[in-house]
Amino acid sequence: MKLSHLFGETLREAPADAEFTSHQLLVRAGYIRQLGAGIFSYLPLARRVMDKIENIMREEMNAIGGQEMTMPVVHPAEIWQETGRWYQIGSEMGRMKDSTGRDMVLAMTHEEVVTSLVRDIIHSYRQLPALIYHIQTKWRDEPRSRGGLIRVREFTMKDSYSLDTDWEGLDKQYWAHYHAYFNIFNRCGLPTIAVESDVGMMGGKQAHEFMYLTPIGEDTLVLCDACGYTSNRQVATFQKPEPDPEEPKPLEKVATPGTKTIEDLANFLNIPQSKTAKAVFMVATITEGQEDVEKFVFAVVRGDMELNETKLTNAIKAKELRPAHEEEIKAIGAEAGYGSPIGIHREDVILVVDDLAAKSSNLVAGANEEGYHFLNVNYGRDYEADIVADIVAAADGYACPKCGAPLRTVRGVEVGNIFKLGTRYSAAMGALFQDKDGTRKPVIMGSYGIGVGRLMASVVEEHNDKYGIIWPISIAPYQVHMVALRGGFEAAEQLYQELLDAGVEVLYDDRTGPSPGEKFNDADLIGVPLRLTVGGRSLKKGGAELKRRDAKNIALVPLDEAVARVQDEIRAMEAELAAKAASAK
RNA sequence: CGGGGAGUAGCGCAGUUCGGUAGCGCGCUUGGUUUGGGUCCAAGAAGUCGUCGGUUCAAAUCCGGCCUCCCCGACCA
């Protein structure tokens with residue numbers, strides 16, 4: 001490709017609204033342009049990177065028995081109504097009507113389509129197991145897109161779906177994906193870790209997320225350096241300390257003026273925060289039969305800990321959870337800042353108590369009256385919960401659930417996920433097969449996704465310097481960027497042909513206008529891993545100059561050896577990447 | 001949905017306080033100059049000042065509605 005005709009241009013300055021390095025560089029180097037919030041065009045350079053990423057995905061999916069296909073982006077609403085997600089999912093789902101007034105859905109994911117295909121096509125255990133995948137556009141109307149390609153509304157995803165007769169089969173395909181995903185990320189030069197995660201709106205049984213660790217990440221992860229335990233904070237557990245056994249003391253109401261926060265309260269009474277109970281007021285949407293009802297949720301955790309909303313949501317099997325409004329809190333007889341489960345309108349709330357708070361004796365809790373708290377509150381004697389469960393969030397320094405060593409929290413970007421769906425969709429849609437014993441059973445399913453654009457942006461986030469992008473050779477838009485300078489155009493043109501004939505992917509800066517400095521800066525910005533400079537000066541010295549983007553030294557190569565030397569370097573970089581991938585396993 | 005910020009040429013910005021011919025840098029076009037890390041000179045092209053309405057002799061500027069984008073929070077496979 002000749003740079004003079006490449007569609008796209010480099011910018012000296014990044015758009016003011018680009019915050020993240022990957023966003024700035026991808027725009028400045030001419031890879032992407034934004035059309036609207038969370039909606040991007042991918043210019044020819046980006047298209048080539050994404051093609052390479054997608055081909056790596058294809059190879060790894062095919063290697064574990066995947067068959068590629070393509071499913072539609074626009075779906076009739078009926079299939080989403082069958083699984084209930086038409087009703088469960090809110091404004092994040094893109095909905096529209098076709099010209100006949102029929103409700104349609106823009107694909108957020110493809111479980112429904114897969115399951116309807118399975119219903120049509122799979123009849124017998126003889127057709128299973130199977131693995132199908134596609135690389136397709138998804139639309140998710142995120143309330144808040146951000147960070148360039150890190151979080152968008154329209155994106156391309158590789159999603160695969162496993163179909164099995166039994167759970168052992170699912171387990172096999174699940175772990176096959178687990179390993180294939182690491183292969184994909186390693187081959188793209190992106191370090192990742194797998195963490196246990198919440199199943200969220202996908203439903204199902206077990207899930208892992210693949211995380212690229214970076215401070216710009218939106219997820220908080222909990223890691224144990226001692227034993228390797230990793231989990232998304234949403235579901236991370238930890239060993240709770242055993243509270244000192246104490247004889248329950250009599251309940252006592254005390255004045256605690258101006259102690260709206262746990263910190264104030266503990267200071268005022270001169271007690272540790274762990275001797276207090278914190279009340280958190282939420283309102284949950286819970287599906288009862290066909291209807292969604294709002295229920296007030298009263299959560300109690302120990303004062304030194306934070307509520308984990310995901311755990312609470314799962315504990316009460318809620319569809320949605322939001323903080324309660326002031327009036328709602330008053331309505332159940334509680335007082336914000338001085339709340340406790342004692343004396344509230346018990347029948348109007350779902351009371352959920354963290355297991356540690358339930359075990360702890362003689363805690364200080366609110367009196368549901370401005371300026372007053374109770375001393376010596378004890379679970380079982382003073383109040384009873386509807387649910388006692390682990391509902392607090394893991395934090396730095398807490399004890400690892402596996403080995404007890406201190407946990408550490410880090411931020412990460414979720415670049416992929418794998419889910420054991422089970423029969424959530426096949427049962428709902430009647431995707432049944434006839435087993436050996438003649439009975440009809442729902443197909444056991446799994447679903448597995450990787451966002452292509454987010455992966456590309458993460459790689460840029462990981463591989464760059466102050467001059468621009470530094471692509472890993474495996475997904476670089478071109479393998480070599482040839483810069484022709486004054487006195488070298490004729491030789492460069494000939495070398496360009498030779499490189500093309502040899503099958504080398506070459507971006508040729510044939511522009512006569514820009515100065516050498518401008519061309520070198522563009523080359524650094526675009527980030528092709530090899531640079532070949534042909535100019536009067538290099539020719540006088542005996543050939544072309546070959547430089548790796550990630551290194552400083554420049555090698556002078558005779559023109560008749562240039563193609564071979566470029567190919568050597570490409571092979572060397574491929575070998576380096578493979579070695580790094582192997583050591584990451 | 002709550003809080004904050006911003007919409008003026010392709011990009012980055014000034015001009016708005018105090019209403020009076022729409023500017024600067026980069027980029028683009030033409031001519032010349034220069035030629036190994038974003039040359040220099042000259043001449044040009046390009047903007048319904050987000051949008052709708054109001055006030056006024058006169059609105060980028062004052063007032064009101066709306067739209068869009070960014071950031072934080074809520075939310076999120």
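Just so you know, these numbers come straight off a predicted model, no measurement behind them. Naming convention: chains lettered A, B, ... in sequence-line order (proteins, then strands); numbering from 1 in each chain.
- Using a 3.5 Å distance cut-off with no hydrogens or angles, the side chains of A:Thr109 and A:Glu111 do pair a donor with an acceptor.
- In a base pair of the Watson-Crick type (N1 to N3 plus N6-O4 or O6-N4) or a G-U wobble (N1-O2 and O6-N3), with each distance short of 3.5 Å, B:rC18 is matched with no nucleotide.
- Picking from B:rG38, B:rG25, B:rC69 the nucleotide with the shortest atom distance to the side chain of A:Asp17 gives B:rC69.
- Here the side chain of A:Ala16 is nearest to one of B:rG38, B:rG36, B:rC13, namely B:rC13.
- The side chain of A:Glu9 sits closest to B:rG27 out of B:rC75, B:rG27, B:rG36.
- Spacing between B:rG38 and B:rG25 at atom C1', rounded to whole Å, works out to 14 Å.
- Stacking of A:Arg95 on the aromatic ring of A:Trp86 is recorded, both the 6.0 Å distance cut-off and the 45° axial limit being met.
- As a whole-Å value, the separation of A:Gln234 CD from B:rA74 C1' is 14 Å.
- Atom CD of A:Glu218 is separated from atom C1' of B:rG73 by 13 Å (rounded to the nearest Å).
- One C1' atom belongs to B:rG19, the other to B:rA60, and the distance between them is 10 Å to the nearest Å.
- Straight-line distance between the P atoms of B:rC1 and B:rC11: roughly 28 Å, to the nearest whole Å.
- A straight line from NE2 of A:His481 to C1' of B:rG37 spans 13 Å, rounded to a whole angstrom.
- We find that CG of A:Leu312 is positioned 11 Å from P of B:rC75, with the value rounded to whole Å.
- Rounded to the nearest Å, the gap between the C1' atom of B:rC18 and that of B:rU61 is 10 Å.
- Atom-to-atom, CG of A:Leu35 to C1' of B:rG10 comes out at 16 Å; the value is rounded to the nearest Å.
- Residue A:Gly535 is in base contact, counting any heavy-atom pair closer than 4.0 Å across all strands shown.
- At most 12 heavy atoms of other shown residues, nucleotides or ligands fall within 6.0 angstrom of atom CD in A:Glu263.
- B:rG47 and B:rA22 have their P atoms separated by 13 Å, with the value rounded to a whole Å.
- A:Met157 comes within 4.0 angstrom of a base, heavy atoms only.
- With a 3.5 Å ceiling on both atom-pair distances, the Watson-Crick or G-U wobble partner of B:rC24 is B:rG12.
- Checking B:rU61 for Watson-Crick or G-U wobble geometry (two distances, each under 3.5 Å) identifies no partner in any strand.
- B:rG44 and B:rG3 have their C1' atoms separated by 47 Å, given to the nearest Å.
- Comparing B:rU35, B:rG36, B:rC69 against the side chain of A:Ala37 picks out B:rC69 as the nearest.
- With hydrogens and angles disregarded, no donor-acceptor distance shorter than 3.5 Å links the side chain of A:Arg33 to the backbone of A:Val27.
- Taking a pair to require two hydrogen-bonding distances under 3.5 Å in either a Watson-Crick or a G-U wobble arrangement, B:rC69 pairs with B:rG5.
- Among the nucleotides B:rG38, B:rG25, B:rC69, the one closest to the side chain of A:Glu13 is B:rG25.
- In this entry the distance linking CZ of A:Phe20 with C1' of B:rC71 reads 10 Å, nearest Å.
- Here the side chain of A:Gln34 is nearest to one of B:rC11, B:rC70, B:rG36, namely B:rC70.
- A donor-acceptor contact under 3.5 Å is not formed by the side chain of A:Arg28 with the base of B:rG12.
- Within the 3.5 Å criterion, the main-chain N or O of A:His110 finds a donor-acceptor partner in the side chain of A:Tyr161.
- Look at the C1' atom in both B:rU17 and B:rG53: the space between them is 24 Å, to the nearest Å.
- If A:His23 and A:Phe520 are placed on RNA chain B by their nearest nucleotide, the residue sitting closer to the 5' end is A:Phe520.
- For A:Glu19 and B:rG12, the CD to P distance is 14 Å, given to the nearest whole Å.
- When the nearest nucleotides of RNA chain B are assigned to A:Gly147 and A:Tyr467 by heavy-atom distance, the more 5′-ward of the two goes with A:Tyr467.
- Within the nucleic acid shown, A:Arg146 comes within 4.0 Å of sugar-phosphate atoms alone, with no base atom in reach, counting heavy atoms only.
- Between A:Ser515 and B:rU35, a side-chain N or O to OP1/OP2 separation shorter than 4.0 Å is absent.
- Across all strands shown, A:Ala14 has heavy atoms under 4.0 Å from sugar-phosphate atoms exclusively, and none from any base.
- Ring centroid separation for the pair A:Tyr178 and A:His208 comes in under the 6.0 Å cut-off.
- Atom pair A:Lys552:NZ and B:rG37:C1' shows a separation of 13 Å (rounding to whole Å applied).
- Ionic pairing of A:Glu92 and A:Arg153 is not present here: no N-O contact between side-chain nitrogen and carboxylate oxygen is shorter than 4.0 angstrom.
- Here, B:rU56 and B:rC66 have their P atoms 24 Å apart, quoted to the whole Å.
- Proximity note for A:Pro143 (side chain, C-beta onward) versus B:rA74, B:rG38, B:rG36: the nearest is B:rA74.
- Residue A:Arg12 has a polar side-chain atom (N or O) positioned under 4.0 Å from OP1 or OP2 of B:rG27.
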> Step by step, would you call A:Lys158 with A:Ser160 a side-chain hydrogen bond (donor to acceptor under 3.5 Å, both in side chains)?
Replying inline: CA-CA 7 Å; A:Lys158 187 291 300 171; A:Ser160 42; 2.8 Å; yes
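- Looking at heavy-atom distances under 4.0 Å, A:Thr310 makes no contact with the nucleic acid at all.
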